Student: 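The structure that follows is given in the form of structure tokens.
Lettering of chains follows the sequences in order, A, B, ..., and the numbering in each one begins at 1. Just so it is clear, the structure is predicted and the values come from calculations on it, not from any experiment.
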2 protein chains.
Amino acid sequence: MRVAEGQRADLSPRKLVDAMVSEGVLTAPDSPRGRLLNAAARLFEQKGFTRTTVRDIAAEVGILSGSIFHHFASKEDILRNVMLEVVQYAQARMIHAVARAPTPRDKLRACIRCELEAIHGLAVPGFSILVIEWRSLSAQSQKQVLKLRDAYEATWCEVIDAARPGVDPALTRRLLVGALIHTHSWFKPRGKGLSLEELAEQVLQTFAPE
Amino acid sequence: MRVAEGQRADLSPRKLVDAMVSEGVLTAPDSPRGRLLNAAARLFEQKGFTRTTVRDIAAEVGILSGSIFHHFASKEDILRNVMLEVVQYAQARMIHAVARAPTPRDKLRACIRCELEAIHGLAVPGFSILVIEWRSLSAQSQKQVLKLRDAYEATWCEVIDAARPGVDPALTRRLLVGALIHTHSWFKPRGKGLSLEELAEQVLQTFAPE
DNA sequence: TTGATAACCAAGCGCTTGCTTGGTAGCGTT
DNA sequence: AACGCTACCAAGCAAGCGCTTGGTTATCAA
């Protein structure tokens with residue numbers, strides 16, 4: 001695992017996905033199952049889980065609704081798998097970004113950028129589902145996803161602790177993730193206002209003033 | 001309006017509600033319509049709008065599902081009215097709290113406490129619906145609620161601007177509301193850990209360090 | 001006493017939902 | 001040629017959904 005992460009340190013997004021597919025962590029995006037997961041992620045993010053029907057997802061990839069259940073046991077099973085792949089890809093991306101940043105403060109900035117890019121669909125389609133649709137998951141599925149999310153959060157806390165020794169990293173992270181996720185409902189990265197990089201800098205200034 | 005707010009400056013929560021009921025802003029909580037709104041607010045907050053059925057709401061107040069439509073035009077009409085009353089009550093409460101706080105920093109602390117109490121159901125049941133269930137509202141209902149929400153946000157921005165001159169109050173408010181709302185999914189005010197007042201202080205320290 | 005009104009019940013309609021079933025076309029392997 | 005496997009279709013079921021309809025009861029003013 002550690003070795004694999006190290007080996008991936010200089011990979012492009014495309015190659016990172018390929019590597020994770022070979023490891024069996026992600027589903028190949030051009031497979032029927034992968035196309036369904038991607039379509040579901042897009043729709044869940046756009047309309048929400050309950051407002052997205054299996055017929056919507058099927059139509060998105062050009063099959064009939066019943067055929068979905070050849071690939072997944074239930075609608076919730078789709079959501080569960082979306083979350084599992086999303087959280088693992090997001091963490092791989094973040095580890096990659098952290099490794100490239102020199103100073104503790106640069107590492108924190110990289111994490112913030114990383115998550116903002118994920119939230120706004122520029123890098124990890126479906127990331128915001130992890131937070132927004134948490135209640136749509138059954139208790140035991142939550143447990144399963146939580147294990148991987150804990151690892152993701154642990155990485156964050158390490159970075160925060162290094163950049164801001166003294167403050168409570170867990171609390172800071174919780175306030176931070178709320179602030180970042182909420183940008184989903186007001187920030188438009190393609191707009192002519194604030195750019196994503198500028199927003200990241202403002203967030204860094206707020207949570208870790210120089 | 002200004003006069004009414006001034007007159008309410010020393011009122012208890014109970015009397016504040018009564019005053020707003022007489023003004024026609026809120027529905028009397030012990031009326032059939034009021035009971036339905038309160039039950040709906042609780043359920044929407046607990047399970048989400050789409051996962052709450054009109055049968056759930058009806059059962060909560062002890063009537064049959066069809067009877068709901070004697071009081072409301074549609075299920076969305078219930079959500080709209082919940083939001084309209086919630087945002088107006090929340091603002092009245094906040095104005096009240098701000099008026100009692102002496103310094104700009106105290107006013108900001110009061111706002112943070114106010115909103116935390118609202119989010120965690122200690123003062124304004126259904127407050128988190130305003131943010132979480134925004135997408136469940138039709139476009140024209142959003143427009144209607146937005147007018148009142150803008151007033152609420154404007155009050156916030158004034159307080160932020162006074163406490164932290166120089167920083168962008170709108171951006172700060174957006175990051176802050178995200179951080180606060182997200183506490184809904186991890187902070188338990190009745191737990192033995194952090195108290196709500198302590199949490200408010202930590203948030204104040206983060207967004208407005210001395 | 002009458003009539004208006006608010007609040008509700010009983011029953012169910014029309015639609016959408018997640019999901020099931022039985023079958024088939026295409027493909028690579030032996 | 002026969003087989004097995006993956007991916008899918010065609011059709012529809014059972015349940016749940018928001019909402020409608022027609023009628024009943026209680027309250028209160030005129």
Student: As a quick check of understanding, evaluate side-chain hydrogen bond (donor to acceptor under 3.5 Å, both in side chains) for Asp77(B) and Ser74(B), giving each step before the final call.
Tutor: CA-CA 5 Å; Asp77(B) 190 37; Ser74(B) 66; 5.5 Å; no
Student: Without decimals, in angstroms, what is the distance between Phe69(B) CZ and dC19(D) C1'?
Tutor: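 The distance from CZ of Phe69(B) to C1' of dC19(D) comes to 5 Å, rounded to the nearest Å.
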Student: For a quick test of reading the model, state the closest non-hydrogen atom pair linking Gln144(B) to Arg80(B) and the distance between them.
Tutor: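 For Gln144(B) and Arg80(B), the tightest heavy-atom pair comes out as OE1-NE, 2.9 Å.
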Student: Take atom CD1 of Ile68(B) and atom P of dC17(D), then tell me their distance rounded to the nearest Å.
Tutor: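 Between P of dC17(D) and CD1 of Ile68(B): 12 Å.
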Student: Applying salt bridge (Lys or Arg N to Asp or Glu O under 4.0 Å) as the test, list every pair that has at least one member in residues 114-124 of chain A; sequence neighbours left out.
Tutor: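 Applying salt bridge (Lys or Arg N to Asp or Glu O under 4.0 Å) to every pair that reaches into residues 114-124 of chain A, excluding sequence neighbours, yields Arg93(A)-Glu117(A), Glu115(A)-Arg173(A).
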Student: Atom CG of Asp56(B) to atom P of dC17(D): distance rounded to whole Å?
Tutor: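 After rounding, the gap between these two atoms is 7 Å.
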Student: Go through the structure and list residues passing salt bridge (Lys or Arg N to Asp or Glu O under 4.0 Å) with Glu60(A), not counting sequence neighbours.
Tutor: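 Glu60(A) satisfies salt bridge (Lys or Arg N to Asp or Glu O under 4.0 Å) with Arg42(A) only.
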Student: Report the residues that fulfil side chain to side chain contact (heavy atoms under 4.5 Å, CB included) with Ala101(B), sequence neighbours left out, ordered by chain and then residue number.
Tutor: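 Counting only residues at least two positions away or on another chain, Ala101(B) forms a side chain to side chain contact (heavy atoms under 4.5 Å, CB included) with Asp106(B), Lys107(B), Ala110(B).
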Student: State, yes or no, whether a side-chain contact exists between Ile78(A) and Ile68(A) at a heavy-atom distance under 4.5 Å.
Tutor: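 Answer yes - side chains close enough.
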Student: Grab the CD-P distance between Glu76(A) and dT17(C) for me, whole Å please.
Tutor: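 Those two atoms, CD and P, are 18 Å apart.
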Student: Axis-to-axis angle across the helix from dT1(C)-dA30(D) to dT30(C)-dA1(D), five pairs an end, to 10 degrees?
Tutor: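 Rounded to the nearest 10 degrees, the bend comes out at 0°.
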Student: For His120(B), enumerate each residue passing the ring pair (Phe, Tyr, Trp, His ring centres under 6.0 Å) test, keeping only those at least two apart in sequence or located in another chain.
Tutor: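 Expected list: Phe187(B).
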Student: Look at Glu153(A) together with Arg149(A) and state whether they make a salt bridge at an N to O cut-off of under 4.0 Å.
Tutor: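 Yes.
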Student: Ignoring backbone atoms, test whether His71(A) places a side-chain nitrogen or oxygen under 4.0 Å from the OP1 or OP2 oxygen of dC8(D).
Tutor: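 Affirmative; the distance criterion is met.
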Student: Let's see if you get this right: which residues in residues 32-47 of chain B place a heavy atom under 4.0 Å from DNA chain C?
Tutor: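 Residues of residues 32-47 of chain B that come under 4.0 Å of DNA chain C are, in numerical order, Pro32(B).
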Student: Can you name the atoms? Protein N/O to nucleotides 9-12 of chain C N/O, anything below 3.5 Å, with the distance.
Tutor:
residue: dC9(C); atom: OP2; partner: Leu64(B); partner atom: N; Å: 2.7
residue: dC9(C); atom: OP2; partner: Ser67(B); partner atom: OG; Å: 3.0

Student: Please state how far atom NE2 in His70(A) lies from atom C1' in dG18(C), giving the value in whole angstrom units.
Tutor: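 Atom NE2 in His70(A) sits about 18 Å away from atom C1' in dG18(C).
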Student: Salt bridge (Lys or Arg N to Asp or Glu O under 4.0 Å): which pairs involve residues 27-40 of chain A, sequence neighbours left out?
Tutor: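 Found none.
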Student: Going 5' to 3' along nucleotides 23-28 of chain C, which nucleotides have protein heavy atoms under 4.0 Å from the base (write B), which only from the sugar-phosphate (write S), and which from neither (write -)?
Tutor: ------
Student: Return the value, rounded to whole Å, for the distance between atom CZ of Arg51(A) and atom C1' of dG18(D).
Tutor: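 After rounding, the gap between these two atoms is 15 Å.
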Student: Could you work out, with side chain to side chain contact (heavy atoms under 4.5 Å, CB included) as the rule, every residue matching Thr172(B), not counting sequence neighbours?
Tutor: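 Counting only residues at least two positions away or on another chain, Thr172(B) forms a side chain to side chain contact (heavy atoms under 4.5 Å, CB included) with Ile160(B), Val167(B), Phe207(B).
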Student: Just how far, in rounded Å, is C1' of dT20(D) from NZ of Lys75(B)?
Tutor: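 Rounded to the whole Å, the gap is 17 Å.
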Student: Would a distance-only check, ignoring hydrogens and angles, find a side-chain to backbone donor-acceptor pair under 3.5 Å from Ser141(B) to Leu137(B)?
Tutor: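 No: the side chain of Ser141(B) does not pair with the backbone of Leu137(B).
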Student: Taking only residues two or more places apart in sequence, or in another chain, which ones meet Glu198(B) in a side chain to side chain contact (heavy atoms under 4.5 Å, CB included)?
Tutor: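 Side chain to side chain contact (heavy atoms under 4.5 Å, CB included) list for Glu198(B), sorted by chain: Leu194(B), Ser195(B).
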Student: Is there side-chain contact between Ile129(B) and Trp134(B), with heavy atoms separated by less than 4.5 Å?
Tutor: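 No - every pair of side-chain heavy atoms lies 4.5 Å or more apart.
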Student: Looking across every strand, which nucleic acid part, if any, lies under 4.0 Å from Thr50(A) by heavy atom: base, sugar-phosphate, or nothing?
Tutor: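 Nothing, no heavy atom under 4.0 Å.
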Student: Scan residues 183-193 of chain A for pairs that pass salt bridge (Lys or Arg N to Asp or Glu O under 4.0 Å), counting only residues two or more places apart or in two chains.
Tutor: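 Counting only pairs at least two positions apart or across chains, no salt bridge (Lys or Arg N to Asp or Glu O under 4.0 Å) contact touches residues 183-193 of chain A.
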Student: Which part of the nucleic acid does Ser31(A) contact within heavy-atom distance under 4.0 Å: base, sugar-phosphate only, or nothing?
Tutor: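 It contacts nothing in the nucleic acid.
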